[in-house]
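To start, the structure under review is shown below, and the notes come after it.
The figures here come from the full heavy-atom set of this structure, side chains too, leaving out hydrogens, waters and symmetry mates. These figures come from a predicted structure and were not determined experimentally. Remember, it's 1-based here, ligands and their atoms both numbered in the order they're listed.
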Amino acid sequence: MKLNEIKLTNPYLKLPAECHDRVKPSPLTKPFLIHANEAVAEMLGIDKEELYTDEFVDFVNGAYQPEGSDAFAMCYAGHQFGFFVDRLGDGRAINIGTLNGLHMQLKGAGQTKYSRSGDGRAVLRSSIREYLMSEAMHGLGIETTRALALIGSEHSVFRQEWEKGAIVLRVSPSWVRFGTFEYFAHKKKFKELEALRDYAIAESYPHLIDVENAYARFFGEVVKRTARLMAEWQAVGFNHGVMNTDNMSIAGLTIDYGPYAFLDEYDAGYICNHTDQYGRYSFGNQPSIGEWNLRALMAALSPLIQMEKMEENMTQYWKIYREHYLKLMCRKMGFDEVLDGDLDLVKHMLGTLQGLHIDYTLFFRTLSRYTGDRAGILKLGLYHKPMQDWLDDYDKRLAQNSSTQQEREERMLQTNPKFVLKNYMLQEVIDAAEKDDFSLIDRLFRIVQDPYAEHPAYERWAGATPDELKNTKLSCSS
Ligand code: AMP
Ligand code: MG
């Protein structure tokens, strides 16, 4: 489809008026295309050639509105670092409409009713991070929002200093957050709360429409998807950084990429967000915060769904999480199936990695090629004894596999990425982009779309993070 053939719908606008506020995007000055995502264009049904036209830049900039566009911001609340904020909302994301079941949002397209003291803008560096990372998570098979395009501009935006504004056109099958429910529950607007529940079921859990116990089952499904998402993050070594309830998707997607990080060396206590003084959102805390957030959602849904039924669902959270996490970790270790005792082996391994300061991603990639010759793995850490001990147990466990070593290797190389989008790599790309060199964005984009492939030209990004670039922290101010 050509851009001028697009016909947008706006299902969210059918919800009561308090759920949203109509607002026109405020375009950036001198916009230009930095990158477009052809795979997402295909999902939307937009012709590839259209992505490289001036009209497309106008479209992403909010200056060109296709037929049916009726732009709006969504209202929500949320628990931020454990404290309830009664009104947040899309302060810098403007929804422009829905195409093929995907809701499009312009992030950084100006102020809305919910901007509070913010300028409604997003700077280039944070927009590059969101654009690339959502694609990287998708490349790793983790549920996430996506992005159609990234534009830059000459628009000045002030953070600690003057920077350039950018817009990411994000797409998602759902933008409803735990905090969206919290908003209406707190205001005791039960009619709106019911409408939102029915909307979320129709949008993300349509198999529950008109079935018995649909509402309790809806909550059960959210519990399940959240538990599974947490397991995926832990297995791949992803630290979200701002797991406020307004950043939790009712559809179980990774949303709102801020100061996130992939682990460099394994560290359960790692905190990527430098405003997170006490480590509430540290890597190791994520599954517990997932539960905390579900309990906040449970409180918000309590006027509509019996508490006992939701409690029953909550009892499943840790079971689902542990089972899924163990399954993923066993896959990463190359086991044909999960056996008793495997959890102990995982714990022993994580303790060993943490004690030896070993790069999490590199460890599994190296382990994928393990033939019994330990040299390659031992050289990842300074001391050998702890790893020798773990490998003794690992060897015994591998003996229980029925697949051949070659089959295991092939499988592990498709499970353990060679590349994850670490912060130091992003920083290199951002530094170049801030000097108007955008070429690295495309290179990184291609790598993260297929992180299991060798990409021999980028070997330097496949090793352990250089010491001086490890564990960088980022702030939310983007
Ligand atoms: P975040 O930490 O990015 O999830 O944002 C938390 C809340 O602050 C959301 O309601 C955002 O819409 C809002 N917000 C963040 N940055 C800005 C900004 N520059 N202008 C307006 N609102 C913002
Ligand atoms: Mg957010």
Side-chain angles (χ1 to χ4, degrees), residues 18-21 23-28 62 71-95 103 105-131 133-134 137 144-145 147 153 155-168 170 172 174-184 186 239-251 253-261 271-277 280-281 289 293 296-297 473-478:
E18 255 211 78
C19 298
H20 41 71
D21 191 55
V23 59
K24 290 262 170 280
S26 312
L28 297 168
F72 65 94
M74 288 162 72
C75 181
Y76 50 83
H79 278 86
Q80 298 194 312
F81 290 91
F83 295 96
F84 187 65
V85 182
D86 63 1
R87 199 177 82 174
L88 292 161
D90 292 329
R92 55 168 169 172
I94 297 181
N95 298 272
H103 311 301
Q105 263 191 1
L106 307 179
K107 185 168 177 181
Q111 287 175 317
T112 73
K113 179 177 168 186
Y114 313 112
S115 296
R116 296 174 293 159
S117 54
D119 58 7
R121 296 298 181 196
V123 293
L124 179 62
R125 60 188 155 86
S126 66
S127 305
I128 292 174
R129 287 173 56 83
E130 170 134 20
Y131 183 76
M133 192 58 191
S134 55
M137 290 298 258
T144 177
T145 62
S153 77
H155 206 104
S156 295
V157 175
F158 192 75
R159 291 297 178 260
Q160 319 291 5
E161 53 186 352
W162 287 105
E163 299 188 44
K164 294 287 185 264
I167 293 177
V168 175
R170 318 194 282 187
S172 178
S174 167
W175 288 110
V176 178
R177 298 141 194 276
F178 288 13
T180 323
F181 288 90
E182 288 180 285
Y183 178 84
F184 296 104
H186 177 77
N239 188 196
H240 181 282
V242 207
M243 286 178 67
N244 294 334
T245 54
D246 50 295
N247 291 337
M248 294 292 291
S249 156
I250 203 76
L253 311 168
T254 312
I255 54 169
D256 283 16
Y257 292 92
Y260 66 76
I271 306 164
C272 64
N273 181 349
H274 102 131
T275 45
D276 187 7
Q277 207 179 341
R280 178 182 174 86
Y281 299 140
I289 293 293
N293 288 341
L297 176 66
K473 288 195 180 193
L474 286 117
S475 75
C476 294
S477 86
S478 51

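- Inclusion of Asn247 in the set of residues having an N or O under 3.5 Å from an N or O of ligand 1 is warranted.
- Residue Asp119 places a heavy atom under 4.0 Å from ligand 1.
- At least one heavy atom of Gly89 sits closer than 4.0 Å to an atom of ligand 1.
- The closest side-chain donor-acceptor pair between Thr144 and Tyr257 falls under 3.5 angstrom.
- Using a distance-only test at 3.5 Å, with no hydrogens or angles considered, a donor-acceptor pair links the side chain of Ser153 to the main chain of Gly165.
- In summary, of the residues considered (Asn247, Asn239, Asn244), a side-chain hydrogen bond (donor to acceptor under 3.5 Å, both in side chains) with Tyr281 occurs for Asn244 alone.
- Counting the atoms of ligand 1 from 1 in the order shown, those under 4.0 Å from a heavy atom of Gly120 are 18 (C), 19 (N), 20 (N), 21 (C).
- Residue Leu88 has no N or O atom closer than 3.5 Å to an N or O atom of ligand 1.
- Heavy-atom proximity to Asp256, at under 4.0 Å, picks out these atoms of ligand 1: 4 (O).
- Within ligand 1, counting atoms from 1 as listed, the ones closer than 4.0 Å to a heavy atom of Arg159 are 19 (N).
- We find the CG-CG distance between Asp246 and Asp90 to be 10.5 Å, quoted to the nearest 0.5 Å.
- Near Tyr76, with a cut-off below 4.0 Å to any heavy atom, the atoms of ligand 1 are 9 (C), 10 (O).
- Relative ring orientation between Phe72 and His20 is described as perpendicular, the plane-to-plane angle rising above 60° on a 0-90° scale split at 30° and 60°.
- Among Arg121, Arg116, Glu130, the residue whose heavy atom lies nearest to atom 8 (O) of ligand 1 is Arg116.
- An N or O contact shorter than 3.5 Å links Arg92 to ligand 1 by distance.
- Closest to the Mg ion (ligand 2) among the N, O or S atoms of Asp256 is OD2.
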